[in-house]
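What follows is one structure encoded as structure tokens, with my remarks underneath.
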Amino acid sequence: MADQQKSTQKSDSPGDILEQVVEVVREAAEGIVEDVKGVAQELGIVPPPAAPHAAAPTESASVAEPRGRAADDNRYDPTPVEEKWAALWESDLTRYAPEPPSSGKPKYYVVEMLPYPSGALHMGHVRNYAIGDALARYMWMSGHNVLHPMGWDSFGLPAENAAIKHHRQPREWTLGNIAAMKAQMKRLGFSYDWSREIATCLPEYYRWNQWFFLKLFEKGLAYKKKSKVNWCSDCATVLANEQVVDGCCWRHEGTLVEQRELEQWSVRITDYSEELLQGLDNMEGWPEKVRTMQRNWIGRSEGANVDFKLDGGETKITVFTTRIDTIFGATSIQLAPQHPLVAELVGQDPNKLASLEQMLADQKKAREEGDIGSLDKKGFDTGHFAINPFNQERVPIWVANYILMDYGTGAIMSVPAHDERDFEFANKYGIEVRIVILPRREQEPPEAGQPEHPVLPFVAEDSLLINSGPFNGLACEEAQKKMAEYAEEQGFGKATITYRLKDWGISRQRYWGTPIPILYCEKCGMVPVPEDQLPVLLPENVEITLAGGSPLTRVKEFYEVPCPKCGGIARRESDTMDTFVDSSWYFYRYTSPIDTAPFDSDIANYWFPMDQYIGGVEHAILHLMYSRFWTKFMRDIGLIKNDEPAKRLFTQGMVIKNGAKMSKSLGNVVSPDDMVARYGADATRLYTLFAAPPDRDLDWQDQGVEGVYRFLSRLYRFITENPARMAAGEPREYNVAELAPDARKVLRKLHQTIQRITDDFQGRWHFNTSVAAMMELLNACMVRQELFSQNSTAPKAFRAEVQRKLILLLNPFAPYLAAELWSTLGEDTHALLRHPWPQADPALAKEEEVEIVVQFNGKVRSRLTVPIDAEDDTVRQAALNDEKVKEALLGKVIVKIIVVKNKLVNIVVRG
RNA sequence: GCGGGGAUGGUGAAAUGGCAGACACACUAGCCUUAGGAGCUAGCGCCGCAAGGCAUGGGGGUUCAAGUCCCCCUCCCCGCACCA
């Protein structure tokens, strides 16, 4: 199945599909970037320079230069502060480690999809991790035992491209990139437990891919079969789909990519089709969109197989149909051009052979261009006939280009009266159209032989069968059941279910991947590598080239080895595994990266299923389907107990700029390093949360970062200029009733803010409004700055409480500034991570009075201020006594008055 | 064609059926400054001197009240697509 093949041939990973494409394009086009990066890495400059004043503007020319910090410049300079805390946290190795299950705290396992180590983080990563980090920190603060790990999806094509282009070993290139990106992540202050870090390209990880492969092989779930791959004759190798550009090889413009049949390893994911489909119904924590996409991808379709015998022979043609009830209207059989019977039926007829060739070429072209749906329907009559087993009628056998070999049986019965495509085809070639179902209300058959029907009942609701022999008068649904039963009784067919989902082709003819642990012995045939001989190490210092097939076949000491069974001559499987294998189970490994098993089952059972998985929607089908399959397989071999990997899935929107996804070619890339250098990690992260709700696309605006940076500066000033430090033993209690009205207002706003932010975390995750709420709170404090000054009459305990809680609210979003200000208040920053989340007190949050509007027929005419929760009658009277209202009432008749508590009065008037 | 998501000021966006535009950005004016690319103050949907009117892609409807609910339509983005 070519479409499936297309997809499964991808070498992409959940890390980032586009990134790899960008990498390919970038390298093909210039290679300059890599050169620079390479030089930088050779010089040992792994992390990007973090000095704010030295950062050179790149694409972001519209951003102001880093400003000089004159003596009177009281803006917050994040760099020294953030670097100070980053260094401190770096030395605190167990800072983000979870507690043992015996802590008794509810567990919370949150994972952001691991990146491909391309060399540098992009803003999409920053956004993804900012969301996950805010959530992890909130969960810590609300008393959970949090596991928050990170790793690297580090096998894959770009490393080989780098090897070819710059003569660097994939391993060295990859590990260098990991080091650089890890430094970026640390600079951004994400709360990862690095002691659990994994890199899929390391033997301690990929040996378990091999172990799983052996288990799959043992269970018959991994098998070898011929399947189609993209093949470039100039490169003499298989290409990934991303390497196919407009149907040609990306390195040989003008060389058409062929589809070649090769022996490929496949994984029987289809054994789980039904469970994968049905599981979706219960996954309420997953976006409906992702569930729908997976349902469509699995593509379950109920129908029946029916055998048509070749006229004058015993050969059978099995067709798949979902509408067996229309079989009396079948006026031809249509075969896919690739159908195995076609060669025999066509014989040596040169005209037919030519049509067939043309058809195959058209199909291939359309498929490559991705618009197979718009292909003109074409076909030819083979001159042979088949017998309809229901009525013994002879129907002609055609070959048609709209029949797909890889769906159903590659053969259909054509019912032009009740299928649009069949109708279009039949009309073009003058094939009979015979109506066999009619809506119940028009049981008047059209005149026999009538060539054209103005409106065909293609798929009619509530129809009955006609012209269908013994089945006449049955409703369609009933007929489908009865006719399938009849076919089964008579032995020429049966009800069946077809899935669009195909087995997962995992073979890659490439170097930088997990070697498949299989040997081919001259005597014993196919031999799995014994478990105790794992890992099959990927050889190093291999010359990478795309010419002449897999590089591994040229490494003698790898390729030619003795057979583990007989000691005779054997050669190794030279294919490596699809990188989607790596990412199908990595989140289990985080829970216990041990060296005696893929993971410790007891520990995995404590943490799984993941409470929250976060990543891009581009992985909705492949990665998320494969990892669901892997989970079910691991459950079936007794490794784990859960049926699904993640309770909740969140797919964040893309980061775009000027209406398009950031890309080098469009020149609209904003580098996280530049932003961190100019505004700090806190501001960069905060902006990704503030600019849009996390599920929507984020339109990057450089000036927007400036805005959140100003907020952080104001907050920094607010606290550092008048910190309300409580000395040890100083009472933290104060009497709310004695607060001045202004202080009372601040306290009210504080509790309203706590409520709003808590609601956002627990509900819809609109962190943009959480940040806005913090800004409002700070504004409310700053317009009453005298309350917080050194000679304020407000109780110090009150001031300290407001400042502390403001910082606690900030902590999930801007951890560096939170730590800095927390220490300014003399508090213990080590405890900040697990400091209890502030609780909103509804009584303190409640307003004392509200402004309500008075409407006339829904139009605002006046406003009045009344005590909160005032009785409707009181409010009605107050409204009617209002001068403006009295004036507006002149000459009008009141029809009725609606009072909405604490909101409005609507006076319905006439005249 | 099918499925999903969108459309609100100059911009990003707020809004349990109840004052549309919170919070920011940009802009304008002023203050402070040797300076301003810092900070502070004020203004800022559109029309209008004002009173007021008009405004949430377009058109209908329900309702005392609609960005929000219902029906029809347009456009944009993302999946899937000759699936029998």
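Here is how names work: the chains are called A, B, and so on, in the same order as the sequence lines, proteins then strands, and each is numbered from 1.
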Here the distance between atom C1' of B:G10 and atom CD of A:Gln701, to the nearest Å, is 11 Å
Using whole Å, report how far CD1 of A:Ile431 lies from P of B:A84.
20 Å
When we call it a touch if two heavy atoms are under 4.0 Å apart, what does A:Arg291 touch: a base, just sugar-phosphate, or nothing?
nothing
Which heavy atom of A:Lys502 sits nearest a heavy atom of A:Ile269, and at what distance?
O-CG2, 3.4 Å
At under 4.0 Å between heavy atoms, what does A:Gln855 touch on the DNA or RNA strands: base, sugar-phosphate, or nothing?
base
Under 4.0 angstrom, heavy atoms only, what part of the nucleic acid is A:Arg756 near: base, sugar-phosphate, or nothing?
nothing
For A:Ile897, report the nucleic acid contact type (base, sugar-phosphate, nothing); a contact means any heavy atom under 4.0 Å.
nothing
Of the candidate nucleotides B:A15, B:C23, B:A84, which contains the atom at the shortest distance from the side chain of A:Tyr407?
B:A84
Less than 4.0 angstrom between a side-chain N/O of A:Arg764 and OP1 or OP2 of B:A15, yes or no?
yes
Complement of B:G67, any strand, by Watson-Crick or G-U distances under 3.5 angstrom
none
Any-strand Watson-Crick or G-U partner of B:G39, both distances under 3.5 Å
B:C31
Anything under 30° is parallel, anything over 60° is perpendicular, the rest tilted; go ahead and classify A:Trp765 against A:Phe650.
tilted
Under 3.5 Å on both distances, the Watson-Crick or G-U partner of B:A84
none
Between B:A26 and A:Arg710, is there an OP1 or OP2 to side-chain N/O distance shorter than 4.0 Å?
yes
Within 45° cone of A:Tyr402 ring axis and under 6.0 Å: A:Lys377 NZ or CZ:
yes
How should the glycosidic conformation of B:G9 be described, syn or anti, under the criterion that syn lies within 90° of 0?
syn
Give the rounded distance in Å between these two atoms: CD1 of A:Ile898 and C1' of B:C19.
16 Å
In whole Å, what is the span from the CG atom of A:Leu501 to the P atom of B:C83?
18 Å
So what does A:Val900 touch, heavy atoms closer than 4.0 Å: a base, only the sugar-phosphate, or nothing?
base
Can you tell me if the side-chain N/O atoms of A:Lys289 get under 4.0 Å from OP1 or OP2 in B:C77?
no
Touch check for A:Pro287, heavy atoms < 4.0 angstrom, all strands: base, sugar-phosphate only, or nothing?
nothing
According to a strict under-4.0 Å criterion, is A:Asn906 in side-chain N/O contact with OP1 or OP2 of B:G18?
no
Considering every strand shown, what is the Watson-Crick or G-U wobble mate of B:A55 when both distances are under 3.5 Å?
none
Using a heavy-atom cut-off of 4.0 Å across all strands, would you classify A:Phe690 as base, sugar-phosphate, or nothing?
base
Write down the partner of B:G9 under the Watson-Crick or G-U wobble criteria, each distance required to be under 3.5 Å.
none
When A:Gln855 is tested against each of A:Ile898, A:Val905, A:Val908, A:Asn906 for side chain to side chain contact (heavy atoms under 4.5 Å, CB included), which residue passes?
A:Asn906
Counter-base of B:G3, judged by Watson-Crick or G-U geometry with both distances under 3.5 Å:
B:C78
Looking at the rings of A:Phe690 and A:Phe767, which for Trp means the six-membered one, are their centres under 6.0 Å apart?
no
Listed nucleotide nearest any side-chain atom of A:Arg863, set B:C23, B:G53, B:C19
B:C19
From B:A13, B:A84, B:A22, nucleotide with atom closest to A:Glu776 side chain
B:A22
State whether A:Arg500 places a side-chain N or O below 4.0 Å from either non-bridging phosphate oxygen (OP1 or OP2) of B:C80.
no
May I ask you to decide if the ring planes of A:Phe425 and A:Tyr429 are parallel, tilted or perpendicular, using 30° and 60° as cut-offs?
tilted
With heavy atoms under 4.0 Å as the rule, sort A:Asn779 into base, sugar-phosphate or nothing.
sugar-phosphate
Rounded to whole Å, the CG-C1' distance (A:Leu904 to B:A66) equals 14 Å
What's A:Gly707 touching, base or sugar-phosphate or nothing? Going by heavy atoms closer than 4.0 Å.
sugar-phosphate
Does either side chain, that of A:Asp362 or that of A:Asn401, offer a donor lying less than 3.5 Å from an acceptor on the other one?
no
Base-pairing mate for B:A20 - Watson-Crick or G-U, with both contacts under 3.5 Å:
none
What about the rings of A:Phe761 and A:Phe813, do their centers lie closer together than 6.0 Å?
yes
Indicate whether OP1 or OP2 belonging to B:A14 is found under 4.0 Å from a side-chain N or O atom of A:Arg696.
yes
In whole Å, what is the span from the CG atom of A:Asn857 to the P atom of B:A65?
8 Å
OP1 or OP2 of B:C40 sitting under 4.0 Å from any side-chain N/O of A:Arg717?
yes
note: A:Lys661, atom NZ; B:C78, atom P; distance rounded to Å ~ 11 Å
How close or far is atom P of B:C82 from atom NZ of A:Lys377, stated in whole angstroms?
10 Å
What nucleic acid atoms does A:Lys859 come within less than 4.0 Å of, heavy atoms only: base, sugar-phosphate, or nothing?
sugar-phosphate
